[in-house]
Structures are given as structure tokens and as C-alpha cells.
Amino acid sequence: MALVTTTEMFKKAYDGGYAIGAFNVNNMEIVQGITEACREEKAPVILQVSKGARAYANRTYLVKMVEAAVIECPEIPIALHLDHGDSFETCKSCIDDGFTSVMIDASSKPFAENIELTRKVVEYAHDHGVVVEAELGALAGVEDEVNVSAENSHYTRPEEVEEFVSKTGCDSLAIAIGTSHGAYKFKPGTKPQLRFDILEEVSKKLPGFPIVLHGSSSVPQNYVEMINAHGGKMPGAIGVPEDQLREAARLAVCKINIDSDLRLAMTGTIREYFDEHPDHFDPRQYLKPARANIKELVRHKLVDVLGCAGKA
């Protein structure tokens, strides 16, 4: 099976009350851990590449690693997606490189400018058989190239979504309902709560239209504790409760982005490994258990959070 777009994935997810996992990839072990779990659980998957990941790993290497995953896992649908493209040029480069989906994130711009830039990307993408995700509303937090202060963040305004989708022609829409980028999403002592009222209002205005959640890592506390127990300092790292993500997936959310959880699993495993094996130096020795823990984490997400296991 060749790389696919998210069109059919999202239609099935919307009708079936589940979401597709969109996992950010940076290296071979992360790609392998994700796709091995998806193959075994028979789940469709979106492999995401950010602008920062392209700069780190090289655009050619990342595309070829994803193509290798397609060869190794021919029985599951795999989409290759640009996460948070910040310009037409970045989106065009990814489309030309063989991506099947791109995100243009112009959410920091005024409404009219967001429409204008998004529409430009949509026109080029659709001419090349590629789908486009856009964003309305601004999530707080830091992730790669994205850095939005709490003061500059704001919820999506449901009254704007119909006009935006109609004028841009985008294929899916990322909205802000209380998630945030990074591992520090909520303050200790507060009760994390997503704005399901906004999601429901958006769904009424865009019936059948796929909605996306960014900043949706749950920040597993076992990996936070593992990192802190082995020399790390991550006090107060709190993510989105998984039961709220599952509820969002039952509604109109067809794609849930998961990034920080994978990084925590890899970092925690490697820190623990070096504490227990201070004389080891072969990268294969510590990356193997890290890959295994990523695989198990993704398996849990597919089955218990996203609900997409068995949907390939």
C-alpha cells in the first residue's frame, strides 16, 4: 500500500466515533515503534513531521524512513503529514517531497490573513492531490517552532468556522478547546478540563467535518517519574486526561496529535538504562528498550484512548 491521504481515514473515524493518532517522528526508532504497534493492532496512522524535525533529521531521511515503514507495514494505511507549516513555501516543499497531507498554521494572523494564506496552500495542495489542515484559535505552549504565550492564546470562536472553511476549502480544522503544546499543559492543583461546549458548537456548524486536536499529549506520569528518578527535573508536568481525549474522539475529533508522550517515553527509558548500565555505550543497547516502550505506549493510545485499533 502506498502512502494515503487522510480523507478516507477521517470519514471512517467520524462515522465510527474514533480518532486517528497523529504521532510526531524524528528518528528511526520512533518511526519503528509507532508503526509496529499500528501493524499489530491493525490501526491506521498519521506520521507527522514538523519544521524542526525536518531541520534536525534532514527532509530526505524522514521521507525515506516513512516510505520504509510503508514497505514494512503494507497492511495498514499510513499518511505523511506536515505539522504546523508556517508558510506557503514550507508547505509547497513538503507537497513536492511526497507528503500526502500538510498543515498550514496561520492561526497567529488576523482572520482575513489566515484565510488568504490557507486558501493559497489549499489551491496548490489540491492541484497535487494533497489534503490540507488549517487552524483557528491559538494554543498556548512551546513545541518546536510553535511558541505561544498564555496571553496570546485564545479559544476557537465557533461563529467563525463556517466562513473560514467555506472560503479556504481546507479539508480538516484544528481548534483550540483547552489543550496546549508541550509537557506543562495545566498547573498543579488545577482540574484539567477541555471545552466540550466549543467542540459541540463547532460540530453543529460543520456537520460531518473532521476536527483536529493539537497539544493533546497526556504526559504519562510513570515516565515523568522515571525521568525525575534518574536525574531529570520535570516538576509539575501535567497533560490532558485520557478520558477527555476519548470523549473528544467519540464526537467530531478525527485526529489527535501526540508528541510529548513519545519523547517522555524515550528520554525516561534512556535515563533509566544509563543509571542501570553505566558502562554501556552502544546506542543500540539503549535505543532498543526505548523503541519497545514507545511501541507499548502507542499500543495503549490506539486501544484505550483513540479507539482506532482494528480499523485499518
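Starting from 1, each residue takes its place in the sequence as its number.
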Any ring pair (Phe, Tyr, Trp, His ring centres under 6.0 Å) involving residues 5-49? Give me the pairs, sequence neighbours left out, ordered by first then second residue. none
Restricting to salt bridge (Lys or Arg N to Asp or Glu O under 4.0 Å), what partner residues turn up for Glu242, sequence neighbours left out? Lys301
State whether a side-chain donor-acceptor pair under 3.5 Å links Asp261 with Ser218. yes
Between the side chains of Glu36 and Arg291, is the shortest nitrogen-to-carboxylate-oxygen separation below 4.0 Å, so that they form an ion pair? no
Is the backbone N or O of Leu199 less than 3.5 Å from a side-chain atom of Ser203, with the two atoms forming a donor-acceptor pair by type? yes
Work out which heavy atom in Leu62 is nearest to a heavy atom in Ala53; give both atom names and the distance. CD1-O, 3.4 Å
Between Ala312 and Ile76, which heavy-atom pair has the shortest distance, and what is it? CB-CG2, 4.1 Å
Using every non-hydrogen atom in the two residues, find where Gly231 and Arg271 come nearest and quote the distance to one decimal. C-NH1, 3.4 Å
Side chains of Cys254 and Val212, heavy atoms from C-beta outward: is any pair under 4.5 Å? no
Could you check Ser172 against Thr6 for side chain to side chain contact (heavy atoms under 4.5 Å, CB included), going step by step and ending with a plain yes or no? CA-CA 9 Å; Ser172 61; Thr6 56; 5.6 Å; no
Between Glu89 and Lys92, is there a side-chain N and carboxylate O pair less than 4.0 Å apart? no
Side-chain donor-acceptor distances from residues 121-131 under 3.5 Å, at least two apart:
{"unit_1": "Glu123", "atom_1": "OE2", "unit_2": "Arg119", "atom_2": "NE", "d": "3.3"}
{"unit_1": "Tyr124", "atom_1": "OH", "unit_2": "Asp96", "atom_2": "OD1", "d": "2.7"}
{"unit_1": "His126", "atom_1": "NE2", "unit_2": "Asp171", "atom_2": "OD1", "d": "3.4"}
{"unit_1": "His126", "atom_1": "NE2", "unit_2": "Asp171", "atom_2": "OD2", "d": "2.8"}
{"unit_1": "His128", "atom_1": "ND1", "unit_2": "Tyr124", "atom_2": "O", "d": "2.8"}

For Val224 and Met234 the tightest heavy-atom approach is CG1-O, 3.7 Å
Test side chain to side chain contact (heavy atoms under 4.5 Å, CB included) applied to Val165 and Leu206, step by step: CA-CA 9 Å; Val165 170; Leu206 297 173; 3.9 Å; yes
Close side-chain approach of Val202 to Ile211, heavy-atom, < 4.5 Å: yes
How would you list, by chain and number, every residue that makes a side-chain contact (heavy atoms from CB on, under 4.5 Å) with Ala22, sequence neighbours excluded? Ile46, Gln48, Lys255, Asn257
Please list, chain by chain and in numerical order, all residues satisfying side-chain contact (heavy atoms from CB on, under 4.5 Å) with Arg157, sequence neighbours excluded. His154, Glu159, Glu160
Knowing that exactly one of Leu302, Leu297, Leu47, Ile258 qualifies, which makes a side chain to side chain contact (heavy atoms under 4.5 Å, CB included) with Ile34? Leu47
For a quick check under 3.5 Å, do His214 and Glu133 share a side-chain donor-acceptor pair by atom type? yes
Apply side-chain contact (heavy atoms from CB on, under 4.5 Å) to Glu225 and list each qualifying residue two or more places apart in sequence or on a separate chain. Gln221
Do Cys94 and Arg54 have side chains that get closer than 4.5 Å, going by heavy atoms? yes
Within a strict 4.5 Å, meaning less than it, do heavy atoms of the Leu194 and Val240 side chains meet? yes
List the residues meeting side-chain contact (heavy atoms from CB on, under 4.5 Å) with Val70, not counting sequence neighbours, and say none if there are none. Leu3, Ile78
Using a strict 4.0 Å threshold on nitrogen-to-oxygen distance, state whether Asp304 and Arg246 make a salt bridge. no
Filter on ring pair (Phe, Tyr, Trp, His ring centres under 6.0 Å), then keep only pairs touching residues 43-81, sequence neighbours left out; what's left? none
Is it the case that the side chains of Thr90 and Ser87 hold a donor-acceptor pair, with the cut-off being a distance below 3.5 Å and no angle test? yes
Within-4.5 Å side-chain heavy-atom neighbours: Pro77 and Glu8: no
Please name the pair of heavy atoms, one in Val31 and one in Ala69, separated by the smallest distance, quoted to 0.1 Å. CG1-CB, 4.0 Å
Can you name the residues that form a side chain to side chain donor-acceptor pair (under 3.5 Å) with Thr269, not counting sequence neighbours? Asn293
I need the full list of salt bridge (Lys or Arg N to Asp or Glu O under 4.0 Å) pairs touching residues 13-28, with sequence neighbours left out, sorted by first then second residue. Lys11-Asp15
For the residue pair Lys42 and Glu75, establish whether any side-chain heavy-atom pair is separated by less than 4.5 Å. no
Sidechain-backbone polar pair: Thr100 side chain, Val4 backbone, donor-acceptor under 3.5 Å: yes
Give the minimum heavy-atom separation between Ile177 and Ile175, together with the two atoms involved. CG2-CD1, 3.6 Å
Between the side chain of Thr156 and the main-chain N/O of Leu136, is any donor-acceptor distance below 3.5 Å? yes
Name all residues meeting the side chain to side chain donor-acceptor pair (under 3.5 Å) criterion together with Glu41; count only those two or more places apart in sequence or in a different chain, and write none if there are none. Arg299
By the ring pair (Phe, Tyr, Trp, His ring centres under 6.0 Å) test, which pairs, at least two apart or in different chains, include something from residues 258-280? Tyr273-His277, Tyr273-His280, Phe274-Tyr286, His277-His280
